[in-house]
Structure formats: structure tokens, C-alpha cells
There are 4 protein chains.
Amino acid sequence: MTAQAQPGAKVSGRAQAQCERILCAAQKCFIEHGFHAAGMALIAETAGMSPGLIYRYFPSKSAIILAIVERQLERSRANIRSLHDAPDFKEAAFNAFLLWRDADPCQVNAALFLEMSAEASRDPMIAAGLRTCDQEIRHELAAWLSASVAAGGKGLSAELARVRAITLQTFFEGLSVRALREPDTPLEELKAAIADFVDGLFST
Amino acid sequence: MTAQAQPGAKVSGRAQAQCERILCAAQKCFIEHGFHAAGMALIAETAGMSPGLIYRYFPSKSAIILAIVERQLERSRANIRSLHDAPDFKEAAFNAFLLWRDADPCQVNAALFLEMSAEASRDPMIAAGLRTCDQEIRHELAAWLSASVAAGGKGLSAELARVRAITLQTFFEGLSVRALREPDTPLEELKAAIADFVDGLFST
Amino acid sequence: MTAQAQPGAKVSGRAQAQCERILCAAQKCFIEHGFHAAGMALIAETAGMSPGLIYRYFPSKSAIILAIVERQLERSRANIRSLHDAPDFKEAAFNAFLLWRDADPCQVNAALFLEMSAEASRDPMIAAGLRTCDQEIRHELAAWLSASVAAGGKGLSAELARVRAITLQTFFEGLSVRALREPDTPLEELKAAIADFVDGLFST
Amino acid sequence: MTAQAQPGAKVSGRAQAQCERILCAAQKCFIEHGFHAAGMALIAETAGMSPGLIYRYFPSKSAIILAIVERQLERSRANIRSLHDAPDFKEAAFNAFLLWRDADPCQVNAALFLEMSAEASRDPMIAAGLRTCDQEIRHELAAWLSASVAAGGKGLSAELARVRAITLQTFFEGLSVRALREPDTPLEELKAAIADFVDGLFST
DNA sequence: CATGAATGAGTGTTCATTCAT
DNA sequence: AATGAATGAACACTCATTCAT
């Protein structure tokens with residue numbers, strides 16, 4: 001019961017807490033200024049530490065992005081799993097989008113999502129990380145779509161589930177772009193478009 | 001009526017040609033290396049001129065992006081208008097995506113599209129340009145959707161046309177993200193997803 | 001006759017002059033502060049230009065050292081060839097050492113020589129450059145030693161000439177070390193040691 | 001007489017042991033990576049202690065080099081004294097060089113020797129230390145050279161002994177440079193050059 | 001109109017040194 | 001006595017932009 005209090009965990013806890021501080025600060029800076037414009041000095045200042053200290057925890061700037069991607073993977077998985085219990089998918093999708101758009105600075109959000117996607121076209125490590133992340137999320141989505149209705153799923157055939165997972169993923173990624181390119185789009189319009197999309201797919 | 005009678009136009013013609021050369025070169029470089037990694041020196045070399053000369057036609061690197069955005073607007077409008085004559089929307093959508101993904105260097109493509117979207121979150125001028133572009137495209141789409149079937153349209157009500165234009169736009173933007181994050185996705189899978197999406201929206 | 005005035009040579013002349021300025025400044029800085037302690041900013045300031053401009057002419061700091069090494073090679077060769085006409089080798093050797101020790105900042109001197117040797121143990125490119133330089137100088141020395149007395153040489157057998165070239169080279173390199181480790185050694189003592197060394201080798 | 005009776009000495013003994021560990025580790029690191037490339041962190045790790053602890057025994061990185069120089073002085077003296085008993089100086093000189101070139105990590109060797117010499121041109125404390133070291137070694141050499149043949153010496157006059165000590169010292173320093181600049185020189189060539197040098201000096 | 005040499009502020013990263021524990 | 005996390009001032013190098021020619 002007191003296992004959490006063991007000294008080893010304590011030490012590791014300190015390091016992990018520093019990593020958290022750095023990742024949160026980096027996310028905030030990347031969102032506000034973009035990946036290239038956010039210098040290590042700014043990230044360090046935001047994290048309340050010196051630039052040099054960051055390199056004790058991450059070997060490079062790219063490694064920080066990579067860590068953000070990997071951290072996000074688990075969060076996305078949790079979000080998708082929560083769909084199993086959602087009474088109305090249309091509502092759930094809209095709420096997910098809202099969270100995604102206006103996430104607190106310690107969550108990946110739409111802006112950072114695009115920033116990372118753009119960076120992937122240059123940095124192979126980031127590209128690989130994103131690819132893995134996307135695949136896992138798609139598998140999770142397909143699992144939900146092919147689960148029986150009784151189990152909170154949609155009861156689709158395995159084949160259709162795979163295709164529709166792509167369709168859903170694509171549309172949600174499109175929403176991220178929308179949020180960035182026309183941030184002042186009225187929410188009702190987006191809600192209507194989401195409804196239009198979901199109704200079409202799951203109408204039968 | 002004769003060209004010689006308009007010396008101003010002649011000069012303007014040359015200037016416009018230079019602008020074209022710069023914009024094409026810049027697009028090529030941005031697509032190949034990304035917005036930040038493509039230096040002005042590379043753009044100048046690609047355009048076959050000196051770096052200094054670029055600044056005679058564009059006040060800054062951002063201004064070049066802006067011009068690319070605006071130039072793309074007209075092209076997109078033309079693309080959408082061609083939908084009126086397309087026999088099968090599903091097929092047309094897939095072909096549009098292919099062009100978009102593998103565009104020749106003088107066309108905006110998926111990679112550049114995301115690059116610009118990400119940049120917009122920092123540069124207000126680019127943001128404004130993209131917003132205008134998106135709106136015009138959406139209006140064009142809505143016009144097509146609400147046109148009568150006889151006129152090559154879809155005969156939707158004005159209200160539904162507006163919503164569905166957003167839905168379509170969102171999905172296509174999502175396809176851009178897909179193309180960048182998982183470039184090796186089999187084309188058949190994407191084609192199936194596009195079909196899944198279009199079938200759902202226009203099934204009735 | 002006016003070939004030197006051709007425009008091509010003029011342009012190349014400008015670039016070469018800049019290279020010279022950089023190399024001279026770098027040599028001065030390396031001698032005064034050492035290779036690592038002499039920052040690019042200091043070299044640039046010494047050369048009367050901005051740091052960025054150096055990189056138009058040399059791709060890296062190491063490349064500057066390499067260029068210095070290569071430039072020195074030709075100078076050393078010329079020095080050795082002048083031995084053919086020297087009436088007294090003992091005198092010539094001592095004078096060569098004096099020049100070497102107190103060279104003007106645009107000549108490699110003892111301090112820079114050691115700096116480069118030490119750096120070679122880390123930078124393989126510099127190591128390769130120095131190796132080539134040493135070999136060429138040794139060959140030049142051997143050629144002089146095996147030339148007939150009538151031709152200003154020493155008339156040694158080819159085999160002995162090769163060995164003795166190493167002996168001479170080694171001793172001269174030792175003089176560089178001496179000049180740095182005990183700079184206030186009386187010149188007469190060094191002159192006596194040089195005489196002792198030369199007398200021994202060429203006594204018969 | 002008992003160690004316990006001298007608590008001060010005990011403490012000093014521990015401190016001295018720590019100093020030894022640091023010096024050996026530093027020498028190893030300097031030889032393997034060079035003076036500037038060997039960081040305090042690496043030295044600390046090699047010595048099996050924390051970086052901070054080193055500063056309890058040495059005020060700076062330069063102080064470590066200085067201590068290495070001083071420690072080497074005694075070792076060199078011992079080496080020279082062993083010449084008294086050497087049957088063949090030529091052989092002894094070659095063996096000394098081999099040891100010098102491939103010394104175990106707790107001995108100063110050729111690479112470190114040059115590293116220190118180069119550093120001396122900047123750091124006055126190191127320069128002073130090296131100067132003292134060189135003088136003592138030269139005196140030791142001169143003493144051997146002027147000792148009677150019966151005593152294992154060379155029986156030179158005091159004056160010639162002083163000069164020849166410089167000659168010998170210079171040549172050996174030159175061998176260090178050779179070892180670094182052309183490490184793949186065949187040993188036989190160096191042996192021949194050493195023989196050439198020694199034969200010349202001691203031929204009569 | 002056109003050049004390309006020149007600028008200089010800015011980048012990610014390193015490392016000798018310090019100090020709270 | 002000992003730790004190792006933390007500092008911060010460097011460093012080599014880049015690149016959008018300017019300007020003398």
C-alpha cells in the first residue's frame with residue numbers, strides 16, 4: 001500500500017515532474033508561436049528553468065515534439081474508448097471537437113496538431129511517431145465501429161469498419177483545419193455540418 | 001489597342017511575369033522543403049534570379065505565401081465550377097484529391113496547404129487571406145449544391161447547401177492531412193473512404 | 001599582356017582577397033587565443049567583417065584551419081627549396097627557426113603549428129591535411145639531401161636521405177615545442193643546440 | 001608512528017587518494033578525447049564520483065592539468081635517472097619513446113604532452129609549470145651527460161653537456177609531434193631516425 | 001533593372017561551475 | 001563528504017533582408 005512512497009519512485013517522480021513541466025511549456029509555446037518560432041529559450045522561460053536544463057531531460061527539440069505525440073496517443077485512445085458509453089455519437093463528436101479546439105495548454109489541440117503534421121514532412125522521426133499514433137487511433141475506432149450495438153458499438157462488418165474509421169478520422173482531422181483557418185466560424189454551423197456528416201454515415 | 005501604345009502595360013507585363021516566376025519557384029521550394037526550410041536564396045536560385053531582386057516584387061517572405069494563397073483561390077474556383085459538368089461526383093472527388101496530393105510544382109498541394117494553415121495561426125495577413133479564400137470556395141460549392149440537377153447541380157435547399165458545403169470542405173481538408181500524415185496509405189482505402197463519405201451524404 | 005586585367009580574374013580576385021583576410025585574421029586569433037578559444041565572432045571582427053560573411057567563403061571553422069595548413073604547405077616547400085642555395089646549412093637552419101618562431105601573423109608559426117597538431121588528434125580532416133603536408137615536406141627534404149653537392153645538395157644515398165629527412169623534420173618540430181614551452185630560452189643556447197645537432201649529422 | 005595517531009594525516013591521506021583518482025581519470029579522458037573535448041562530467045564519471053566533488057579538490061579544470069604536469073615531473077626524473085644504468089643509449093631512447101607514445105592512461109603521453117604545450121601559450125600557470133618541469137628534466141639530463149663514463153654517464157664537459165641536453169630534449173619533443181602528426185609511420189623508420197640522431201651526437 | 005556581397009540578430013546546443021540537499 | 005540538478009554565458013552556424021555597384 002505504501003509502494004508509491006518508495007524512494008526510487010520519489011526520485012523518478014522528480015524527473016517525471018520536470019518532464020511534464022517541459023512538455024506543458026513546450027506545448028504552450030508551440031501553440032502560441034509555432035514549432036520553429038518557439039525557441040528553446042522561450043520554452044525554458046515558460047517552464048521556469050534554464051535552457052540547459054531541458055537537455056538533461058530531452059536530447060533535442062524534436063524529441064520534445066515526439067514526446068508530445070506519444071503522450072497524446074494515450075489520451076486519444078482514452079477518448080475513443082469513452083465512445084462506447086456515449087448515448088449519442090453526434091453529441092459526443094461535437095463535444096470532442098470542442099475540447100480539441102479549446103484544449104488547455106497541456107493538451108494537444110487543433111493548432112498543435114497541424115503544427116506537428118506540417119513538421120512531419122521534414123522530420124522523419126516525427127513522421128514515424130505520427131504514423132504510429134494515427135494507426136493506433138484508427139484501430140481503436142474500427143474496434144468500436146465493429147463492436148456489437150449491445151456492447152456500445154455500431155455493429156458494422158469488419159471491412160466496413162475499417163473504411164469508416166478512415167472516413168471518421170479524415171473528417172475529424174478536417175475539423176482541426178477548419179478550426180484554424182476560420183476560427184470565427186459560428187459553432188452552430190460546425191455543429192450542423194457534423195450532424196450532416198454523421199447522419200449521412202449512420203442513417204440506415 | 002497596340003501593345004506599344006501602352007508602355008505602362010508593357011512594364012506591368014514584365015513585372016507580372018517576374019512575379020509568376022517567383023511564385024512558381026517559391027511554391028516548388030515550399031513544397032519540397034517546407035516553408036521555413038526553404039530559404040530566400042534557394043527560391044531565388046530556383047527562379048533564376050538574385051535574392052535581392054525578389055524584394056523588388058515582394059516586400060517579404062510572408063508576402064510570397066500570401067500571393068500564393070490568392071493565386072490558388074482562382075484555381076480552386078475553376079476546379080469547383082468544373083464539377084457542374086462532372087458525370088459522377090464520387091469519381092470527380094477522388095480525381096480532385098489525386099491532383100491535389102501529387103500536384104505539379106506550380107499548384108498548391110496538400111503539403112503546402114497544411115504549411116500555410118499552420119503559418120496562419122501566427123501571421124494575421126496569411127490568416128486573412130486564407131479566410132477569404134475558404135469563404136469564396138465555400139460559396140462556390142454551395143452554389144453548385146443548390147443549383148438544379150438540370151444545371152449540373154445537386155438541387156439542395158439553400159440552407160442545406162450551406163451546411164453541406166462546410167461538410168465537404170472539412171472532409172477535403174481532412175484528406176490533405178491524411179495525405180501528409182500517412183503518405184503510404186493505399187489509394188484504394190482512400191477511394192473507399194471517399195465513396196463511403198459521398199454515398200452517405202448523397203444517398204437519398 | 002593585359003591578361004591579369006581580365007574581368008574574370010578581377011571577380012576571382014575579390015573573393016580570393018576576402019579569403020586572405022579571413023585566413024590572416026583566423027591565424028592571428030588562433031595564435032593569440034588558441035583554436036577553441038578563438039570564436040568566429042572574434043575572427044570576423046579581426047577580419048573586419050560580419051560572422052555570417054565568413055561562411056560564404058568557408059563552410060566551417062575546421063575548413064579554415066585546413067586552408068591554413070594547405071597554404072603553409074607551399075610556403076614550406078619554397079623554404080626548403082631555398083636551402084639549395086644556402087651557403088651554410090647551420091646558419092640557414094637557425095634563421096629558418098627564427099622566422100618560424102616570430103613569424104608575422106600571416107605566416108604559420110610555432111604556436112599555430114602546435115595548435116594544429118593538437119587539433120588533429122580530434123578532427124580527422126585536419127589530421128589528413130597535416131599528414132599530406134608533412135609527407136610532401138619530407139620528400140622535399142629528402143630530395144635536397146640526396147641531390148649532389150654540386151647541385152647544392154648533400155649527396156646522401158637515397159636510403160640515408162629518407163631517414164635523415166625524418167631526423168631533420170623531427171628536430172625542427174622539437175624546436176617548435178621548445179619555442180613554446182620555454183619562450184625565454186636564450187637564443188645562443190638554441191643556436192648552440194642547433195649547431196650541435198647539425199654538426200653531429202653532417203660531421204663526416 | 002601509528003597511523004591512528006595522526007588523524008590529520010589520515011584525512012590528508014583520503015584527500016590525496018581522491019586527488020589521485022581524479023588525476024588518473026582526467027589523464028585518461030584528456031588522452032582519449034583531448035583537453036577541450038573531455039568534459040568535467042566525463043572526468044567525474046570516469047573517476048566514479050560526481051562532478052561537484054571534483055571542485056572540492058581542484059578549483060578549476062586548468063588546475064587539474066597543472067597537477068598532471070607537476071606529477072609528471074617526478075616520473076620524468078626517475079626515467080632519466082634510469083639512463084645511468086642503461087647499457088645502450090640508442091636502445092634506451094627508442095624504448096623510452098615507445099613508452100611515451102603508447103603510455104598507459106596514468107602516464108602523460110605524447111598526445112597529452114602536446115595538448116598541454118598548446119594550452120600553455122594561453123594559461124600562464126600551465127606555462128610556468130611546464131617551464132619548471134622542462135628545466136628540471138634538462139638539468140637531470142645534463143647531470144647524466146657530464147657524469148663520468150664509469151658512473152654510467154657520457155663524460156662530457158659541463159658546457160657541452162648543457163647544450164646537448166637541449167639538443168636531446170628538443171629531439172624527443174619532436175618525436176612527440178611526429179607520433180601525433182603521422183601516427184602510422186613505421187616504427188623501423190623512427191628507430192632508424194633515432195639511431196641516425198644518436199650516432200651523430202655520440203659518434204666520436 | 002539587376003546583382004550578390006554583406007549584415008547581424010537569432011538558432012539549437014554545450015559545459016564549466018555552483019549550491020541546495 | 002558527497003551528490004547531481006541547475007545555471008547561464010558561451011559557441012558555431014543560418015538566413016531574411018539591405019544596399020553599393
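Each chain gets a letter, A, B and so on, in the order its sequence line appears, and its residues count up from 1. Both backbone and side-chain heavy atoms feed into the values below; hydrogens, waters and symmetry mates do not.
Shown here for B/Phe58 and B/Ala63, the closest heavy-atom pair between the two residues is CD2-O, 4.1 Å. Between D/Ala26 and D/Ile68 the shortest heavy-atom distance is CB-CD1, 4.3 Å.
Of all nucleotides listed (E/dT3, F/dG4, F/dT7), F/dG4 comes nearest to the side chain of D/Ser50. Taking the side chain of A/Gln18 as heavy atoms from C-beta on, and the options E/dA6, F/dA6, E/dA2, the nearest nucleotide is F/dA6.
Contact annotation for D/Phe58: no contact, since no heavy-atom pair falls under 4.0 Å across all strands.
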Handout entry: Nucleotide-resolved protein contact map, nucleotides 14-20 of chain F, B/S/- at heavy-atom distance under 4.0 Å
Key = BBSBBB-
Practice task
State the dot-bracket string of DNA chain E. Criteria: Watson-Crick or G-U wobble, both atom distances under 3.5 angstrom; notation: ( ) intrastrand, [ ] crossing earlier pairs, | interstrand, . unpaired.
Solution key: .||||||||||||||||||||
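A salt bridge links D/Glu20 and D/Arg71; the closest N-O separation between the charged side-chain nitrogens and carboxylate oxygens is under 4.0 Å.
The shortest distance between the side-chain N/O atoms of B/Arg14 and the OP1/OP2 oxygens of E/dA2 is below 4.0 Å. Contact annotation: C/Tyr57 side-chain N/O to E/dG4 OP1/OP2 distance is not under 4.0 Å.
The distance from atom NE2 of C/His33 to atom P of F/dA12 is 13 Å, rounded to the nearest whole Å.
At least one donor-acceptor pair closer than 3.5 Å links the side chain of D/Arg21 to the backbone N or O of D/Gly48.
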